[in-house]
Amino acid sequence: VCLFVCLPGGSEEKEPGEDQHKEEDASESNEGQTQSSSQDETGEASRDKPMPDVEGETGTNRDGEEEEDTDSMDGSGLYSLTEDDEDDDEDEEEEQKDDEDDDEAMEAWLGAELSDLRGPVWRAVPSLRYREIGRNSHQFVRRVCGARGLVQRLELQGRLERHTGCVNTLHFNPSGTRLASGSDDLRVVIWDWAVRRAELEFDSGHKSNVFQAKFLPHSGDSTLAMCARDGQIRVAELSATQRCKNTKRVAQHKGAAHKLALEPDSPCSFLSAGEDAVVFGIDLRLDRPANKLVVVKEGDKKVGLYTIFVNPAKTQHFAVGGRDQYVRIYDQRKINENDNNGVLKKFCPSHLVSSESKTNITCLVYSHDGTELLASYNDEDIYLFDSNHSDGADYRRRYKGHRNNATVKGVNFYGPCSEFVVSGSDCGHIYLWDKYSARIVQFMEGDRGGVVNCLEPHPHLPGMATSGLDHDIKLWAPTAETPTGLKGLKEVMKKNKRERDEDSVRHGDQYDTQLLWFLMRHMRNRRRQRQENVCGIHNVCTHLLDKGEPSLMEKVKTRMIK
């Protein structure tokens with residue numbers, strides 16, 4: 001890890017996979033993802049074609065002689081449903097048969113849309129040798145960060161402890177030296193994460209749970225934008241002497257504001273989205289910073305928003321998601337609400353278009369080059385869309401195994417070229433999928449409280465920070481001696497799928513059963529002071545209010561207090 005910390009930064013040269021995104025028939029996204037694709041008529045490789053090796057990574061020297069690679073850092077602990085777990089001698093024969101049936105059903109469900117894993121595109125020994133002689137050294141860090149072998153060696157490094165409530169947001173500054181966190185305790189903390197020390201802590205000025213706190217780019221880490229359950233959008237001015245000068249409100253939503261979207265090159269403008277269906281464009285140079293860009297609607301009905309993200313390659317485009325099944329993309333330059341409600345294009349998995357369930361999108365993000373969109377659906381799966389496709393195109397990839405029901409859960413890309421997909425889960429684990437094959441390559445236990453919500457990869461180094469219902473922040477780095485064995489993965493996935501199927505059958509009792517289970521587990525596992533228990537009850541009751549279930553909230557509160 002110390003080696004990586006002192007390595008030189010990456011350059012703008014193209015990496016393996018950066019040109020991987022090609023136009024394809026949307027109808028093939030459900031049926032053709034388990035097969036390798038041949039080249040299309042233009043001669044361009046389709047999405048399932050293994051990525052070409054890069055000079056310095058193939059294990060072949062200049063004379064064409066093949067070098068032995070005894071330490072490729074690419075482990076054998078790959079995701080497979082055909083591997084048997086250790087037998088339990090005490091299990092009865094009937095239970096074993098049921099388990100076998102469950103395994104077959106699970107294999108059929110998960111194996112339907114998987115592709116083969118690509119071979120390793122980074123090899124440790126040749127790459128280290130080339131770095132020593134200065135060959136491709138400027139690309140070393142970026143290739144390391146995208147190596148599957150290192151992802152499979154991620155393990156917990158330590159915890160940052162300062163907050164007294166659930167940690168809802170994490171954000172690294174552009175240089176990666178500082179980490180901002182916000183919490184239900186209404187405080188924001190700026191961390192020197194490398195030495196695990198809080199450099200600055202201040203009151204956000206919000207009146208309810210802080211949902212996001214982000215450094216504005218090119219501001220010298222002096223400006224922090226924040227949003228919260230109270231609907232306020234606030235800006236904090238930080239000094240070089242490690243103190244907060246002030247915080248001021250710059251916009252107000254009529255519902256909770258969950259997410260902010262930064263414009264990559266702007267130190268003074270950003271976007272916000274709220275449950276009132278409004279998207280604000282905020283320019284700190286103006287006397288009245290907030291400008292209402294659009295009210296998101298489906299027909300005549302407003303759609304409350306949970307998430308928003310700006311396309312890093314086309315900064316005039318932004319995508320939103322919320323209380324229905326559609327990912328909507330807008331162009332700030334030409335939003336006409338009288339023409340298709342201002343929408344440039346929208347995407348949705350074909351099987352969810354006419355779904356009767358209360359499907360919504362809890363989080364979405366663009367890939368590093370803006371060509372792909374990742375969306376996490378509540379009590380459904382994670383879907384990858386090609387943002388260059390035409391309006392109404394189906395998804396390209398589907399990522400399964402986790403559970404997204406109890407909270408507004410995040411999702412993210414991992415790797416400098418968005419090589420992996422990472423998400424938390426109601427089961428308390430962190431999942432990493434290989435983006436191209438949709439296979440799970442890493443599976444880690446996250447929060448003891450039961451739910452992991454935030455996942456923030458470091459901008460330059462192989463590692464990330466995560467948080468959830470626990471009051472601390474966890475730091476992860478690839479320091480394990482051996483790759484992950486994915487121990488217990490199959491059983492956890494079976495449990496997640498079984499609970500999801502059971503809840504889908506009982507539409508009327510969906511929130512009752514799942515949230516009561518979630519609350520009971522939360523309280524049982526933590527067993528801390530009474531103050532924390534009351535905090536847990538408050539969080540779930542607030543979630544029920546958001547879902548429009550005030551009577552059920554009183555029922556839950558009464559039952560748990562008893």
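Contact check for Tyr395 versus Leu384: no side-chain heavy atoms found under the 4.5 Å cut-off. Using a 4.5 Å heavy-atom cutoff, the side chains of Leu284 and Val250 are in contact. In this structure the side chain of Leu216 reaches within 4.5 angstrom of the side chain of Leu262, judged on heavy atoms. In this structure, Cys417 and Arg142 have side chains that are in contact, with non-hydrogen atoms separated by less than 4.5 Å. Here the side chains of Val278 and Lys254 are not in contact, with every heavy-atom distance at 4.5 Å or above. Between Leu364 and Val327, some side-chain heavy-atom pair lies under the 4.5 Å cut-off. With contacts defined as side-chain heavy-atom distances shorter than 4.5 Å, the pair Val279/Phe318 qualifies. Asp434 places a side-chain heavy atom less than 4.5 Å from the side chain of Phe420.
Side-chain contact of Ser376 with Asn404: a donor-acceptor pair under 3.5 Å is present, judged by distance alone. There is a side-chain donor-acceptor pair under 3.5 Å between Asp184 and Asn168. With no hydrogens or angles considered, a side-chain donor-acceptor pair links Glu275 and His258 at under 3.5 Å. If you check the side chains of His471 and Thr164, you find no donor sitting under 3.5 Å from an acceptor. For the residue pair Tyr383 / Arg397, no side-chain donor-acceptor distance below 3.5 Å is found, with atom types taken as modelled. Side-chain contact annotation: Thr247 with Arg234, donor-acceptor N/O pair under 3.5 Å present. Between the side chains of Thr484 and Gln152, no donor-acceptor pair is found at a separation under 3.5 Å. Between the side chains of Gln157 and Thr479, at least one donor N or O sits under 3.5 Å from an acceptor N or O. Between Glu456 and Tyr414, the side chains place no donor N or O within less than 3.5 Å of an acceptor N or O (distance only, hydrogens not considered).
Between the side chain of His429 and the backbone N or O of Cys427 there is at least one donor-acceptor pair closer than 3.5 Å. Remark: the backbone N or O of Gly410 is not paired with any side-chain donor or acceptor of Asn453 at under 3.5 angstrom. Side chain of Lys297 to backbone of Val303: no donor-acceptor contact under 3.5 angstrom is found. No donor-acceptor pair under 3.5 Å is formed between the side chain of Ser181 and the backbone N or O of Leu170. A donor-acceptor pair under 3.5 Å is formed between the side chain of Asp185 and the backbone N or O of Arg187. Proximity of a side-chain donor or acceptor of Tyr431 to a complementary backbone N or O of Val421 within less than 3.5 Å is not detected. Under the 3.5 Å distance criterion, the side-chain polar atoms of Ser387 are matched with a main-chain donor or acceptor of Gly370. When atom types are taken as modelled, the side chain of Arg500 and the backbone of Glu380 share a donor-acceptor pair closer than 3.5 angstrom. Side-chain atoms of Gln212 come within 3.5 Å of backbone N or O of Leu260 as a donor-acceptor pair. In this structure a side-chain-to-backbone donor-acceptor pair under 3.5 Å is present from Ser222 to Ser219.
For Leu469 against Asp447, the heavy-atom pair with the smallest separation is N-OD2, 3.1 Å. The minimum heavy-atom distance between Leu224 and Ala213, with the atom names listed, is CD2-CB, 4.2 Å. Contact detail for Lys474 and Arg159: the closest heavy-atom pair is CE-NE, 3.8 Å. Across every non-hydrogen atom of Glu445 and Trp476, the tightest pair is O-CH2, 3.3 Å. Ile430 and Val422 make their closest contact through CG2-CG2, 3.9 Å (heavy atoms, listed as atom of the first residue, atom of the second, distance). For the residue pair Leu238 and Asp221, the shortest heavy atom distance occurs at CD1-O, 3.8 Å.
At most 12 heavy atoms of other shown residues, nucleotides or ligands fall within 6.0 angstrom of atom NZ in Lys302.
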Evaluation steps, salt bridge (Lys or Arg N to Asp or Glu O under 4.0 Å), between Glu113 and Arg398 = CA-CA 7 Å; Glu113 299 182 59; Arg398 181 178 185 174; 3.3 Å; yes

Salt bridge (Lys or Arg N to Asp or Glu O under 4.0 Å) evaluation trace for Lys495 with Glu491 = CA-CA 6 Å; Lys495 185 174 184 292; Glu491 291 306 315; over 6 Å; no

Start with the C-alpha gap between Ile282 and Leu271, add the side-chain angles, then the distance that decides, and say whether side-chain contact (heavy atoms from CB on, under 4.5 Å) holds.
-> CA-CA 6 Å; Ile282 298 169; Leu271 307 181; over 6 Å; no

Derivation and outcome, side-chain contact (heavy atoms from CB on, under 4.5 Å), residues Leu179 and Ile190 | CA-CA 6 Å; Leu179 176 67; Ile190 309 299; over 6 Å; no

side-chain contact (heavy atoms from CB on, under 4.5 Å) assessment of Arg178 paired with Trp191 | CA-CA 6 Å; Arg178 298 293 180 267; Trp191 303 88; over 6 Å; no

Step-by-step salt bridge (Lys or Arg N to Asp or Glu O under 4.0 Å) determination, Glu237 to Lys248 = CA-CA 9 Å; Glu237 296 294 334; Lys248 61 180 179 180; 5.4 Å; no

Criterion salt bridge (Lys or Arg N to Asp or Glu O under 4.0 Å) on Lys301 and Glu298, from CA distance to verdict | CA-CA 5 Å; Lys301 183 180 178 180; Glu298 181 63 26; over 6 Å; no

Please report the C-alpha distance between Asn311 and Thr315 in whole Å, then the side-chain angles of each, then the deciding distance to 0.1 Å, and finally whether the side-chain contact (heavy atoms from CB on, under 4.5 Å) criterion is met.
-> CA-CA 5 Å; Asn311 187 326; Thr315 55; over 6 Å; no

Pair Phe413-His368, ring pair (Phe, Tyr, Trp, His ring centres under 6.0 Å): steps then yes or no = CA-CA 8 Å; Phe413 288 101; His368 71 290; 8.2 Å; no

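Using a cutoff of 4.0 Å between basic side-chain nitrogens and carboxylate oxygens, Arg153 and Glu155 are not scored as salt-bridged.
When each of Phe443, Trp433, Tyr377 is paired with His402, the ring-ring contact (aromatic ring centres under 6.0 Å, His included) condition holds for Trp433 and for no other. Of the residues Tyr366, Tyr326, Phe347, the one that meets the ring-ring contact (aromatic ring centres under 6.0 Å, His included) test with Phe385 is Phe347.
Interatomic distance, Asp503 CG to Asn405 CG, rounded to the nearest 0.5 Å: 6.0 Å. One finds the OG atom of Ser208 at 5.5 Å from the CZ atom of Arg229 (value rounded to the nearest 0.5 Å).
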